[in-house]
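Report on the structure given below.
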Amino acid sequence: MQPSPYTPGEVAREVPGRGEQLAQVDERLAYLVDLQRLVGRIRVDLGSRGLGKTSLLREVQRRAQARGAVTVWVTAGERLGLVAAIAEEIHRTTQDWRSGARGRLRELVEHLKLTVGVPGVATVQASLGHEQQPQAARGVREFEDVVRETVAAAHRQGHRGLVLFIDEIQASDPDGLRTLAYAWQHLQSEGADLPAAVFAAGLPGAPEAIAAVVTFSERFAYRPLAPLTDAAAELALVTPARVAGVEWERPAVAAAVRLAQGYPYSVQLIGDATWSAAGFPDAGARLTLAQVRQGEQAMRADLEALFRARWERSTPREQDVMHAMAGLGDGPVRRAEVARVMGLSTSELSVARARLIDKGLVDVAGHGQLAFTIPGFAEYVRTRTDPARPPASG
């Protein structure tokens, strides 16, 4: 009896199907570590929830550490604010270093935290249709000083550079985003020989959220994550089982791949459910089609719970938009057609559309097109249609 090697809802131990992204990251890490240069653009991998953004970011962190870089991880949206959270994590990461290696770092970190304070707004909200007045970024030079001194202390400690990781970047406070962006812009022209980088992950609406508060958001390199190919999904199923000495029969893995539809969370769900249906097999066992069929019931129950939670967190107007989309089919639908079904103009649809994208329920699927981010969600929405409820207004 062996525990399941699959990790639904957790950070995956492997990220199959992300070879292109990892190759790009490896090139940037080599630039940082081998040439001791600043990675000037902040990379942001974008995708809806369940596509493996955090797992990919953790793999990048492991690779940076393997190359000798110091890594600092924060999840945006904390009460402290983005920059203060980074400063706090730098302090935590370096507190066991030799006092000679730390030097002035602790003093600079405390000064930075006092300068930026606690933000009054914890999340970025893009104001659609309204021009935003540029605001001054607080603590830019102080943040630069902390980055420079962290790199210097890291070198004294025997490390090769500094890599900052920001998960859920779309939840960053506006002040924190401005400070980060302006500091990195300055470092591009003043600190090109500083071995430091920022890698981030966020929902598809992150570029709009960042552009709402940073006028030069072209300094961010946005890289959308696509669903897994069939080959990558198969690899994600077969490899963990093989490590445990268990094989998938060919019809079983083919059926599991079809059920998952390229969605990494569903891959982990069907793998975990099949493993359970097989009785947590020992080495030498084989996973069968019958076990996949049995596991499918548990997988669908888990997806139903996920769908229900996301549906119930949506406003009536957002639900109306999703009803209209689901009524037009399971795949990408034209935004204009959704508006026509609802009796609205496309501009009247824009606020609800933006909110659904921010929540990771809907994504842009090409020019003028929208699609649900989770396979099977359109079918679920159709079951929730209540013809007695009048369309929401506003």
Side-chain angles (χ1 to χ4, degrees), residues 15 17-49 51-64 67 69 71-76 82-83 86 124 126 137 140 143-144 147 151 161-172 174 176-227 357-358 360 363-367:
V15 284
R18 303 306 185 198
E20 179 181 353
Q21 289 83 0
L22 290 173
Q24 293 169 354
V25 166
D26 282 341
E27 185 274 332
R28 292 289 81 189
L29 290 176
Y31 183 79
L32 181 152
V33 172
D34 298 340
L35 300 182
Q36 292 289 284
R37 303 283 288 178
L38 178 84
V39 178
R41 295 183 77 190
I42 296 172
R43 179 187 172 106
V44 185
D45 285 285
L46 302 171
S48 60
R49 302 197 188 283
L51 273 183
K53 303 182 303 298
T54 300
S55 295
L56 176 62
L57 205 60
R58 285 296 188 187
E59 175 61 23
V60 176
Q61 184 185 31
R62 287 191 288 269
R63 293 181 179 219
R67 285 180 173 269
T71 66
V72 171
W73 179 288
V74 297
T75 300
L82 178 62
V83 171
I86 292 172
V124 171
V140 173
F143 183 61
E144 291 175 48
V147 171
V151 171
L162 170 68
V163 185
L164 306 179
F165 293 91
I166 305 170
D167 200 12
E168 303 288 354
I169 193 172
Q170 78 286 338
S172 302
L177 271 177
R178 289 190 196 97
T179 299
L180 172 70
Y182 279 98
W184 227 255
Q185 183 185 44
H186 291 169
L187 290 174
Q188 286 177 11
S189 57
E190 301 171 8
D193 58 349
L194 187 75
V198 180
F199 294 99
L203 292 174
E208 292 181 15
I210 293 170
V213 296
V214 179
T215 57
F216 48 87
S217 58
E218 71 277 1
R219 302 297 178 114
F220 291 76
Y222 299 112
R223 300 292 182 263
L225 286 179
I357 291 173
D358 286 344
D363 198 2
V364 175
H367 181 67

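Position 1 is the first residue of the sequence; numbering continues from there.
At least one donor-acceptor pair closer than 3.5 Å links the side chain of W184 to the backbone N or O of V39. Under a 3.5 Å cut-off, the side chain of R41 and the backbone N or O of F220 do form a donor-acceptor pair. At distances below 3.5 Å, not a single donor-acceptor pair connects side-chain atoms of K53 with backbone N or O atoms of L46. The main-chain N or O of L187 is never found under 3.5 Å from a side-chain atom of E190 such that the two would form a donor-acceptor pair.
D363 has its side chain out of reach of S48: every pair of non-hydrogen atoms, C-beta onward, lies at least 4.5 Å apart. Contact check for L29 versus V163: side-chain heavy atoms found under the 4.5 Å cut-off. Within the 4.5 Å cutoff, side-chain heavy atoms of R43 are placed close to those of Q21. Annotation: side chain of D34 is in contact with side chain of R67 (closest heavy-atom distance under 4.5 Å). At a threshold of 4.5 Å between non-hydrogen side-chain atoms, the residues L203 and R49 count as touching. Looking only at side-chain heavy atoms (C-beta outward), L57 and Q61 stay at 4.5 Å or farther from each other. Looking only at side-chain heavy atoms (C-beta outward), E59 and R18 stay at 4.5 Å or farther from each other.
Q170 and E168 form a side-chain donor-acceptor contact under 3.5 Å, judged by distance and modelled atom types alone.
Of all heavy-atom pairs between A197 and F199, the closest is CB-CE1, 4.0 Å. A pairwise comparison of heavy atoms in A196 and V147 identifies CB-CG1, 4.2 Å as the closest pair. Between V213 and P174, the closest heavy-atom pair is CG1-CB, 3.6 Å. Summarising the geometry of T71 relative to A64, their closest heavy-atom pair is CG2-CB, 3.8 Å, with the distance given to 0.1 Å. S55 and R62 get closest at one heavy-atom pair: O-NH2, 4.5 Å. Nearest heavy-atom pair across V151 and L162 is CG2-CB, 3.8 Å.
Between atom CH2 of residue W73 and atom CG of residue D167 there is a gap of 5.0 Å, rounded to the nearest 0.5 Å. Rounded to the nearest 0.5 angstrom, I169 CD1 and L177 CG are separated by 5.5 Å. To the nearest 0.5 Å, the span separating CD on Q188 from CG on L194 amounts to 12.0 Å.
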| request: Could you walk me through whether L22 and R63 pass the side chain to side chain contact (heavy atoms under 4.5 Å, CB included) test, one step at a time? | output: CA-CA 9 Å; L22 290 173; R63 293 181 179 219; 3.4 Å; yes

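Applying the side chain to side chain contact (heavy atoms under 4.5 Å, CB included) test between I166 and each of V198, V72, I42, T75 identifies V198 as the sole match.
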